[in-house]
There are 2 protein chains.
Amino acid sequence: MKVLGHQTLIELYGCNDVKINDSNLVEKTLLEGARIANLTVVNSTLHHFSPIGVSGVVVIEESHIAIHTWPEHGYVALDFFTCNDSYNLKEAIEYIKNTFEAKTSSQKEISRGLV
Amino acid sequence: MKVLGHQTLIELYGCNDVKINDSNLVEKTLLEGARIANLTVVNSTLHHFSPIGVSGVVVIEESHIAIHTWPEHGYVALDFFTCNDSYNLKEAIEYIKNTFEAKTSSQKEISRGLV
């Protein structure tokens with residue numbers, strides 16, 4: 001039995017509402033997170049909602065990173081999907097969490113594709 | 001208590017290996033799936049791996065759709081992330097499943113952001 005995809009779902013609560021509503025900062029933070037985790041960025045697309053919130057994805061060689069922010073609730077949903085589990089996600093997640101000043105967080109690992 | 005994000009993780013097994021290795025077809029299929037589910041596409045980015053496999057994301061007004069394919073295993077990981085659960089994902093997932101000729105599938109619903 002082999003697992004093809006490794007997905008990490010992260011919840012960040014109590015974030016700085018101004019920071020998580022700034023699409024440039026959110027994009028910069030994800031790209032730096034990718035660099036820290038040693039992931040290769042293919043491209044990124046970030047979208048600022050009207051009136052509030054940021055939604056975006058970084059496509060990486062190893063799969064993707066997705067983010068959705070709800071500044072009005074200080075909440076960020078962050079997902080890493082990678083094709084193996086050898087990446088340094090822990091340090092990248094810590095960096096993102098600190099940048100957004102999250103007060104609490106939780107994470108869940110999901111195995112995708114059992115062949 | 002309110003749930004901010006609704007994530008549906010879908011596993012498709014036994015897919016047609018030629019179809020899930022065709023990035024144009026994969027993109028067209030996701031865009032049609034988004035249309036069926038009544039989701040508003042912001043943009044999409046698909047990436048073909050060398051030598052095999054497709055990885056991509058469609059950013060929608062309501063969040064995102066992500067796909068990663070492993071033609072060598074006939075496997076597709078498909079994710080819908082939406083900001084509410086009023087969308088017709090069932091029909092969209094059925095359409096994608098049929099297009100890729102998946103023999104078996106399973107899905108899991110995850111609530112994101114409890115505030």
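Chain A is the first sequence line, chain B the second, and so forth, proteins listed ahead of strands; every chain is numbered from 1.
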B:R112 side chain to A:I10 backbone, donor-acceptor under 3.5 Å: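 A pair under 3.5 Å: yes.
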For chain A, the option from B:D79, B:V115, B:L4 that forms the most heavy-atom pairs under 4.5 Å: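 Winner by heavy-atom pair count: B:L4.
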pair B:W70-A:C83: side-chain heavy atoms closer than 4.5 Å: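 Yes; the side chains approach each other to less than 4.5 Å.
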same_hphob_cluster([X], [Y]) at 4.5 Å side-chain heavy-atom cutoff:
{"X": "B:Y75", "Y": "B:V54", "answer": "no"}
{"X": "B:V42", "Y": "A:F49", "answer": "no"}
{"X": "A:V41", "Y": "A:I96", "answer": "yes"}
{"X": "B:L31", "Y": "B:L25", "answer": "no"}
{"X": "B:V57", "Y": "A:L46", "answer": "no"}

Interchain contact, [X] with chain B, by part (heavy-atom threshold 4.5 Å):
{"X": "A:H64", "value": "both"}
{"X": "A:Q7", "value": "side chain"}
{"X": "A:L12", "value": "neither"}

Exercise: identify the closest heavy-atom pair between B:F81 and A:A77: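 The answer is CZ-CB, 3.8 Å.
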Region of B:I67 in contact with chain A, defined by heavy-atom distances below 4.5 Å: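 Neither part.
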Options A:V76, A:L114, A:I60, A:I110, ranked by heavy-atom pairs under 4.5 Å with chain B, top entry: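 Among A:V76, A:L114, A:I60, A:I110, the one with the most close pairs to chain B is A:L114.
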Which of A:N43, A:L9, A:V59 touches chain B most, by non-hydrogen pairs under 4.5 Å: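 Sorted descending by pairs with chain B, the first entry is A:L9.
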